[in-house]
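Chain A is the first sequence line, chain B the second, and so forth, proteins listed ahead of strands; every chain is numbered from 1.
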Amino acid sequence: MGKAIPNRSDDYSLWYNEIVKKAGLAENSPVRGCMVIKPYGFAIWEKMQQSLDKMFKDTGHENAYFPLFIPKSYLSREADHVEGFAKECAVVTHYRLKTNEDGDGVVVDPEAKLEEELIVRPTSETVIWDSYKNWIQSYRDLPLLLNQWANVVRWEMRTRLFLRTAEFLWQEGHTAHATKQEAEAETKQMLDVYADFVENYMAVPVVKGVKTESERFAGALDTYCIEAMMQDGKALQAGTSHFLGQNFAKAFDVKFATKEGKEEYVWGTSWGVSTRLMGALIMAHSDDDGLVLPPKLAPIQVVIVPIYKGDEQREAVSKVAKAIKKDLSEKGLSVKFDDRDTHKPGWKFAEYELKGVPIRVAFGPKDLENGTVEIARRDTKEKQVIRLEDISVQVTNLIDEIQKNIFGKALTFRKENTHQADTYEAFKSLLDQGAFVYAHWDGTTETEERIKEETKATIRCIPLDSPEEMGACILTGKVSNRRVLFARAY
RNA sequence: CGGGGUGUGGCGCAGUCCGGUUAGCGCGUUCGCUUAGGGUGCGAGAGGCCGGAGGUUCGAAUCCUCUCACCCCGACCA
């Protein structure tokens, strides 16, 4: 009761904010736009990291770490890149404080001004390519497949926990290749890795596509992305993979000698996902009772809540509960036995629902007597009483079932809210309902811009799987040969 | 940077228009008892320079001036 959260339908963004705070995922920090990620939220992020990191390693990548600070001059080496990021960079100008002459507090020491100002990385292409210049001389040094887990800073005007914060955590992959084909293949491979992760671990269906010119990463030739639908029908870009061509190689003079002895610029890619995925996870599945986590990413997959009256019962119940825990843990599940005597069962039920624990096992005196146990699933709120000896089989099956069901539910929701529009009127009204709209577009930035101004919707992507289809642009009526995906977005 | 709003115990708020004793309430917290299959109930307690500075007044959470911070809505973005 003390932790009730607002209804999704009343105020979606308030619901989101409250769920993040009440479920103990994150809170605002003293610095505007930054956030404190709390242990439970960080545990989910760690699960994401673990899964992704394995996928990166399995595709041949290694981790490295590059510095937080970047010489200001580096950013400007690539023209589009600097233009894209200059407006949101934090800059370090001094390296020392001194005590205030008035006696209290500290002030920046004007004597300690840096020769060259440093920027706090908004992304690391520039420092990394500066290193690559030294690391790559021959085709034998290629491909170079690196990833780093890091924090980056982009000084955003409006921030929201996880969805957009001034500082966020992410991974950024940076690769260098001998040929264009290989770099393009890498770009697409990593997009597939992201799609695989988001769909199969996060249980959020995505649309894979290419960004239009105006939405492209600053400095890339092509930006691929995965777009997910949130429960309010808005789109959220869940990951991006960029084909950089030779842009950064040229900017940082990274050349290699080919087998034939010719000197050529290398081809690059970069790709990233961030703590924004946490926002996607929350907004895709959760409900008015709190978080709903897919089992594969839930820090606690099963919680056992004992029910008892008095010490004698407590002991008897606990003994069985511990055996259940052992049994389930041996099946590879992460199980918590909440034997705290300071909270009542009902309180615990509500608490673990708020935290999105996929399965709750309740065990009490009645069960002790009947040889049964109650299991409740978070996704559907269904409860059932099963025989105690069946528990590990039932729970193991249910874990898989929940993972599938959550994905299925999100997929169904997306299908129901995805439409085609052939007139501008229909287009606008669909957007107002909160939907993904497939429509024809004449391919110009001007049209895209006008549609954005008039409807607040953007082209999320040109879907990779959208078929050729002749049609007329929704706004201008000019010819178009395929539909693109429009939506309002986070 | 425009437009709107809010600052009062840890959290959420009332009180502010119309100044007047010890500044209330809910949650949380502490202690005791009670309870335990959906956020137990009762009792007792702790905890607040009312965002900050200045002013008006016999008297300011309340009125005036200035200031700071945060939130929401827009322009920018993963």
Phosphate contact (B:A36 OP1 or OP2) by A:Lys344 side-chain N/O below 4.0 Å: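 So the side chain of A:Lys344 is outside the cut-off, no N or O lying under 4.0 Å from OP1 or OP2 of B:A36.
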
Phosphate OP1/OP2 of B:C76: any A:Arg164 side-chain N/O under 4.0 Å: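 Answer no for this pair, as no side-chain N or O of A:Arg164 is under 4.0 Å from OP1 or OP2.
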
[M] and [N], which share atom name [atom1], separated by this distance in whole Å:
N     : M     : atom1 : value
B:G47 : B:C31 : P     : 16 Å
B:C11 : B:G28 : C1'   : 7 Å
B:C1  : B:G59 : P     : 38 Å
B:U16 : B:G55 : P     : 26 Å
B:G5  : B:A14 : P     : 15 Å
B:A53 : B:C58 : C1'   : 23 Å
B:G15 : B:A61 : C1'   : 8 Å

A:Arg360 to A:Phe349 six-membered ring, cation-pi geometry met (6.0 Å, 45°):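 Yes, A:Arg360 sits over the ring of A:Phe349.
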
Side-chain-base donor-acceptor pair under 3.5 Å for A:Lys383 and B:G38: yes

Within this structure, what is the [atom1]-to-[atom2] distance between [X] and [N], rounded to whole angstrom?
X        : N     : atom1 : atom2 : value
A:Met157 : B:C1  : CE    : C1'   : 7 Å
A:Arg377 : B:G38 : CZ    : C1'   : 19 Å
A:Lys348 : B:A36 : NZ    : C1'   : 10 Å

Would [X] and [Y] pass as an ion pair if we require N to O under 4.0 Å?
X        : Y        : value
A:Asp53  : A:Lys57  : yes
A:Arg378 : A:Glu353 : no
A:Glu401 : A:Arg377 : yes
A:Arg387 : A:Glu389 : yes
A:Glu184 : A:Lys188 : no
A:Lys22  : A:Glu351 : no
A:Arg314 : A:Asp339 : no

With sugar-phosphate meaning primed atoms plus P, OP1 and OP2, does [X] contact a base, only sugar-phosphate, or nothing at under 4.0 Å between heavy atoms?
X        : value
A:Gln313 : nothing
A:Gln237 : sugar-phosphate
A:Arg360 : base
A:Asp289 : nothing

Residue whose closest nucleotide on RNA chain B lies nearer the 5' end, A:Lys381 versus A:Ala218: A:Lys381

Minimum-distance nucleotide to A:Lys366 side chain [options: B:A36, B:C77, B:G37]: B:G37

Pair pattern of RNA chain B in dot-bracket, where unpaired bases get dots and | marks partners in another strand, Watson-Crick or G-U under 3.5 angstrom: ((((((((.[[[[.)....(...]]]].(((((.......))))).....[[[[[..)....]]]]])))))))....

